[in-house]
Each structure stands twice: as structure tokens, then as C-alpha cells.
Amino acid sequence: MLSTKGPGTSGLDGKVPPSAKRTDKQVQYVPLNELKVGTVVNVYGVVTFFKLPFSSKGTDLVSTLKITDESGAKVTCIIFGKTIEDHPSLKEKGDIVRLHRFKAESFNDSVTLKSSFGWSVVTFSGVNNSPIVPLTSSKKVSIGEFDERKICALRQWAADESLFCQSSKTTLSSVRPLMFFDLTCQLLAKAVVDSTCVLLKVWDGTRCEYPLQSYTVASDAVEGEDTEAKDRRNLTAYILVYDNHLEVARDLKPGMFLQFYNLRAVLAKDLLPNEPQHLTFHLHSGTSFGRSLRRLPDEALEQHKDLNDDEVPEDVGAFCTRPEADLNKDEVPKDVGVFCRQPEAVETDSCTVRACKQHHAQHFTLEQVRSSTPPQLCHIRARVKDYQPQQLSQKGQARVKQRFLNSMWEADGSRFDQIHRKRQFVFMNSHEELKFIQGTSLGVVCASARCWGRVIPVRAVNEKMALMDFFAPFIFYRGKRFYGCQKCSLPEEERRDFFAVEPLDLLKIAEALRVQLMEYRFLLQFELDDGTGTVDALLWENADKIRKTMDTVHPPDKPLEERPWMDLCLFAYTVEGNVCYQIVNTKVKE
DNA sequence: TTAGGGTTTG
């Protein structure tokens, strides 16, 4: 099972002598739950955590990652390499890595993998159906059919397990005080404060809900253009970068695109009375939690060249918008995206649906849409070639949610159980009609709710009771589950004392705990066709109404050419490098 | 050799 050949004798990336080609028998890979201490192995895995390369106390850069595979085992990997190019080009959690010639060692009662002689690492995107292209710097890598099958299988497995639903990536528009988060942004200005701190001014095209703290720095210490117009619109944020991160920060130039990991949103101190609290961001010292900063490649600049004041719509998160990008904080639960701009209808002759006239979007053919650079807002005219889901029942929605819940709950299981064992208790409160339950399985919570009525699953944080992540239901009420919105609910630090909550109706309980309950929403996916091309577009906004027109816009007995045209407003945006499309500002013609 | 994620903090 193991590849324990001597250095240079196996078909490994760029390290093989010309005589040894990959006509050798297939490289063998070991499942992560079958690692034997002392052996040198090849493995595939999905990255669940990583630290960018940083200087070790020895001679090398070191990067650490944690990977998992279908076996469920999670293994920490340590990579030592002289240069940054030696290290894996990881973009995000969920990336897939292929490690060759790593030695399994024992540390703290677990098996770890360490780069050993002749090692290599190749990274692939973990996005389902994305091209299987090795994300490596300069080495030549051969990818065979086995690799493709393996990568597809891992991608599908990770998607099925919902391993990466809970991204820590966020935008300025969704940052809340005290959060730790990852931020993709553009550098506007830089000032060296002292030998331990650099001040960076950034933006990401979205407006922060909280007033952003500004700093006064001597003008001769500032590098970068004046940003007053953006400042006034609360589009610019300051980041204080400390200690070990200065090595990277010092070389940054305004205009560069940056990726921050584990930024902390801090409320600025020394406020005047009655002054609203201002947010500022810190990149603390150290590398814990993957804390780091890196410059994104120049392609990012090209991709997002449209990011300037005039072209960013007032309410649109135009940069790195996620599929669930919510642009209306009042309406949008965590996993549902709705565009907030109220449509203003344009009458058209023959279409069932009509688009807005609120902005000056150009009319595009679908071929033009596909060749345009996101972010892009445009008007199109198209027919529905196909749509999903065809069965639009409430039950269908519930099943999707159920699967989502199970996987998230299990993902949280390890620490949940750990707390349980340490604390050795299960119940923390025993209201007659409202119970809090900690440290047990989903099945027990469901059974408890059926028995008792209302059950709120909780966990312990610093020996205090806290709600679970909002990916788990906030409350179980008999056979139903109700979710809280992470964005609209108050953070845990501001939670009211649980024991003061009276077991009233659900809304009152949620209100007392400062939780905004989520609603179920329909999502439709259309395959649109206008004769020049096709585009798959999602629809959240007004989906519930538009689905009722499906027999009209997609009559099952008529070919595409005889179906009605629709005027639509389409938003093209990127999600971690992939282009996505949403129908926005569009409603059913009365 | 180095580091070995973990409820963090200017």
C-alpha cells in the first residue's frame, strides 16, 4: 500500500530523473485513517485548515495544514520548504491537496504527516465541476485519470458533507463588532506607525453598517491616494497590522489586492459621550487560527478592475460576492440571498416577467454576458430552457434543510462532545416549558423537543451557556426546527441572561435572546437561452411568486422557440474565482 | 532543525 521507494525513483512531480517516467505502476495512496507511524506515504485530502508559510525558528519556512478524506480522519501536516514556491498554493479551506512522500509521525497521541526527502505537494480547487488544474507555482505536474477521479470524488464528498458551509469570509458590509473574520480587499493607503505596527487603509466595495474609525497620520508618513470620497461613504476601513505580519505589510503598495485571515473587529476606545461606536480592525501578532495576510496575485487586480467609486452600485456588494450574498440586512437569513433594491417596473409587450429601470444597465445578449468581466449588472431578454427544482413542495425544502442540519451538527460534534465530557452535565435549565440542552446528539434533541415542546441546544463558552452556531437550529419546537440568522442576531457577547428568558411563544423567546428567526425561502435555478448562448441563473428575489408562473414561461408541451420571452435584470459576480449569475430587480408582470 | 491549529485580543 505504501510508496516507500527511495528518493527519485517514483514518478513524482518534477523530481524524477528523465529515465524514470510515470509509466511506472500507479502511485499508491493511503486513506488518512490507515496511516502507520514511521512510514512514508502518499495521500490525498481536503484542506480543513491551513496556515500560510511563515518563518520557522530554523532555516525554513513552515506551513501547516489539516486535511481530511472520506475516512473521516483529520490529519495535521507540516511542510518545511526553503521558499514560498516550495509550499502549497492554498486558496481556501476546501482546496484539495495531493501529498507525496510525507512521513507519518506520532505527536501528542495523533499521527501527523511531515514533509520528508523528495516530498511534493500539489493543490487543486475543491469547487465541484471546476477545472482540474494543479494550482502550483512552477513545477510540472502530471495528472492522470486516477487523479481526476480522486479529486472529483473528494470534491463531491466534501460537498455532500457540507464541510465548508460555514465560511469565515465576509465583507465590510457584514462585519460586526468583536467578530473574527477573513477579508478580501484592496489596499488604498499605508502608513508605518512604528516598528511593531503598520496601518493599512482598505476597501472591498461594500459599505460597513457601523461607522468606521479613522486615524490621523502625518501626511508624509502616508503612502497612497486621497480617499476622502470613499471615506465619506463609510467604504474605507483601517487595519492595524502587528509584529510578525509586518514583514508582508511593509512591502505592500496601494492598489494591491489583499487577503486577510482572522482579522478582529474591534470597537474603538476613548469615545466622546454619545458618540457612536466606531469599528477598526486588528491583525494581531502570531499565526494562531491561521492569522495572516497575503497579497493576492495580479490577476485579481485585472479581474476586479471595475472596483471604483463610480461603478460600485450603492447597495451591491460588488466584490467577492458570495452566492448567498445578502444585500438587505433586514430580510436576509444567513443562507438566503435577496437583493434589496426595490424594482421599478418597465412595461414590455409580451413578457411574463419584467425588469427594473432603476439603474442604467446595458442590454446584453447572453453571449455578451458570458464574455463580460464580473461584477456586471445588465438587462437581458431570454427564454427558460429548463429550471430546477421542478417539484416545488414545502416538503422538498424541508429535506434540503434537514440534510444541511445533520452535516453541520456532525461537523461541530467533536468540540460539542469534548465540552460534554469535561463538564459532565447535560441539562442546564429546567423551565417547565423551555429547556436548554447541551452535549448530546441531534437525535436526542429532536426526541426531547417532541417530549417537552421547546428545546434550545446550547454549548458552554468560558463556562457560560451560549447558543450553538446559527447553522444548527436555534430552537426545536415539537417536530419543527427554527433557525436564527447569524447576521441579524446579536453576537453571543451581547446575549441576555438565559435564565431571565420566560418561556413564552417562539417569537418572544427569540426576541428575548436577541435572535432574529429565519424564514424558508424558495430558490429557483433557470437555464436561460436567447439564441446566442445559455446561462444558468439563480433567483431568490420574488422566487415564490415567479414559480407560480412556471407553466407560462416554461410550458411543458411547447418547444423553446415557442416559449415567451422574459425581460430580466441579471447580476454577474464571482464566487471564489467562479462566475455566478443571479436574476435581480425582477418581478412578475401584473 | 524548524512545528506539531484550537474559543484568540494593541
Side-chain angles (χ1 to χ4, degrees), chain A residues 35 37 45 47-68 74-84 86-88 90 93 102-117 119 166 168 177-182 192-200 213 215 238-246 249 260-270 279-292 411-419 422-423 438 458-469 491-493 495:
Chain A
L35 299 175
V37 171
V47 176
T48 62
F49 170 83
F50 66 93
K51 282 187 185 182
L52 294 178
F54 60 96
S55 300
S56 73
K57 289 178 183 168
T59 58
D60 293 331
L61 294 174
V62 58
S63 55
T64 65
L65 44 150
K66 184 166 262 184
I67 60 174
T68 185
K74 291 182 177 172
V75 176
T76 299
C77 311
I78 314 292
I79 300 170
F80 294 105
K82 290 273 182 285
T83 67
I84 200 91
D86 292 335
H87 287 263
L90 291 168
K93 291 174 191 172
F102 272 62
K103 187 171 185 185
E105 297 185 340
S106 175
F107 181 78
N108 278 353
D109 298 327
S110 347
V111 179
T112 59
L113 287 170
K114 189 170 84 176
S115 52
S116 69
F117 191 77
W119 65 276
Q166 201 170 11
S168 45
L178 306 177
M179 264 175 69
F180 290 96
F181 64 102
D182 298 343
V192 176
V193 177
D194 57 34
S195 62
T196 65
C197 183
V198 165
L199 186 61
L200 302 179
Q213 179 71 8
Y215 292 85
Y238 283 94
I239 301 175
L240 288 156
V241 174
Y242 289 102
D243 298 332
N244 53 306
H245 308 296
L246 262 59
F260 288 87
Y261 296 93
N262 199 235
L263 273 182
R264 173 68 150 165
V266 180
L267 287 167
K269 293 176 183 170
D270 303 326
L279 272 188
T280 186
F281 306 129
H282 291 197
L283 184 65
H284 291 302
S285 58
T287 63
S288 298
F289 302 92
R291 212 154 40 224
S292 56
D412 195 43
S414 57
R415 70 181 178 196
F416 201 54
D417 288 345
Q418 192 180 12
I419 292 167
K422 277 185 187 167
R423 302 292 305 272
Q438 178 194 327
V458 294
R459 58 193 170 125
V461 174
N462 297 329
E463 303 197 345
K464 283 187 176 176
M465 190 159 76
L467 293 182
M468 300 290 291
D469 292 344
E492 199 59 54
E493 296 82 354
R495 191 86 54 218

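Below, chain A is the first sequence line, B the second, and so on; all start at residue 1. Predicted, not measured: the structure shown is a model, and the values here were computed from it.
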Open item on the list: What I'd like to find out is whether the side chain of A:Y261 reaches to under 4.5 Å of the side chain of A:T287, using heavy atoms alone.
Closed with: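 They are not in contact (no side-chain heavy atoms under 4.5 Å apart), so the answer is no.
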- [ ] Decide yes or no for A:I239 and A:F260: does some side-chain heavy atom of the first lie under 4.5 Å from some side-chain heavy atom of the second?
- [x]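 Contact flag for A:I239/A:F260 side chains = yes.
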Closest to side chain of [X], choosing from [options]:
{"X": "A:E105", "options": "B:dT1, B:dG5, B:dG4", "value": "B:dG4"}
{"X": "A:K114", "options": "B:dT8, B:dT2, B:dG10", "value": "B:dT2"}
{"X": "A:K57", "options": "B:dA3, B:dT8, B:dT9", "value": "B:dA3"}
{"X": "A:H282", "options": "B:dG4, B:dG10, B:dT2", "value": "B:dG10"}
{"X": "A:F180", "options": "B:dT8, B:dG4, B:dT2", "value": "B:dT8"}
{"X": "A:T59", "options": "B:dT2, B:dA3, B:dG5", "value": "B:dT2"}
{"X": "A:T112", "options": "B:dG4, B:dA3, B:dT9", "value": "B:dG4"}
{"X": "A:S288", "options": "B:dT8, B:dG6, B:dT2", "value": "B:dG6"}
{"X": "A:S285", "options": "B:dG4, B:dG10, B:dT8", "value": "B:dG10"}
{"X": "A:D60", "options": "B:dA3, B:dG6, B:dT1", "value": "B:dT1"}

Open item on the list: Suppose you measure atom P in B:dT9 against the same atom in B:dG4; what distance do you get, rounded to whole Å?
Closed with: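 Nearest-Å result for B:dT9 against B:dG4 at atom P: 16 Å.
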Open item on the list: Measuring only the P atom in each nucleotide, how far is B:dT7 from B:dT2? A whole number of Å is fine.
Closed with: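 Approximately 23 Å lies between the P atom of B:dT7 and that of B:dT2.
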Nucleotide [N], atom [atom2] - distance to [atom1] of [X] in whole Å:
{"X": "A:L61", "N": "B:dT2", "atom1": "CG", "atom2": "C1'", "result": "10 Å"}
{"X": "A:L65", "N": "B:dG4", "atom1": "CG", "atom2": "C1'", "result": "12 Å"}
{"X": "A:L283", "N": "B:dT8", "atom1": "CG", "atom2": "C1'", "result": "12 Å"}
{"X": "A:D109", "N": "B:dG5", "atom1": "CG", "atom2": "P", "result": "12 Å"}
{"X": "A:L263", "N": "B:dG10", "atom1": "CG", "atom2": "P", "result": "14 Å"}
{"X": "A:K74", "N": "B:dG6", "atom1": "NZ", "atom2": "P", "result": "15 Å"}
{"X": "A:H245", "N": "B:dG10", "atom1": "NE2", "atom2": "P", "result": "11 Å"}
{"X": "A:I239", "N": "B:dG10", "atom1": "CD1", "atom2": "P", "result": "16 Å"}

Open item on the list: Parallel, tilted or perpendicular: which one describes the rings of A:F180 and A:F289, with boundaries at 30° and 60°?
Closed with: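 Because their plane-to-plane angle is under 30°, the rings of A:F180 and A:F289 count as parallel.
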Task: Short side-chain N/O contact to B:dG5 OP1/OP2 from A:T76, under 4.0 Å - done: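 A:T76 to B:dG5 OP1/OP2: side-chain N or O found under 4.0 Å.
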- [ ] Taking only the side-chain nitrogens and oxygens of A:K66, find out if one of them lies under 4.0 Å from OP1 or OP2 of B:dG4.
- [x]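 Checking A:K66 against B:dG4: no side-chain N or O falls below 4.0 Å of OP1 or OP2.
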- [ ] Would you indicate what A:I78 reaches in the nucleic acid, counting non-hydrogen atoms under 4.0 angstrom: base, sugar-phosphate, or nothing?
- [x]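 Answer is base: heavy atoms of A:I78 come under 4.0 Å of a base.
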Task: Test ring-ring contact (aromatic ring centres under 6.0 Å, His included) applied to A:Y242 - qualifying residues, sequence neighbours left out - done: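 A:H282.
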Task: A:K51 NZ: over 12 foreign heavy atoms closer than 6.0 Å - done: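 Yes, enclosed.
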TODO: Hey, which sits more toward the 5' end of DNA chain B by its nearest nucleotide, A:S56 or A:T48?
DONE: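 Upstream on the strand: A:S56.
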- [ ] Tell me yes or no: between the side chains of A:S110 and A:N108, is some donor less than 3.5 Å from an acceptor?
- [x]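 The criterion, which ignores hydrogens and geometry beyond distance, is not satisfied for A:N108 and A:S110.
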TODO: Return the stacking result for B:dG5 and A:F49: yes when the ring centres lie under 5.5 Å apart and the planes under 30°, no otherwise.
DONE: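 Stacking is present between B:dG5 and A:F49, given that their ring centres fall under 5.5 Å apart and the planes under 30°.
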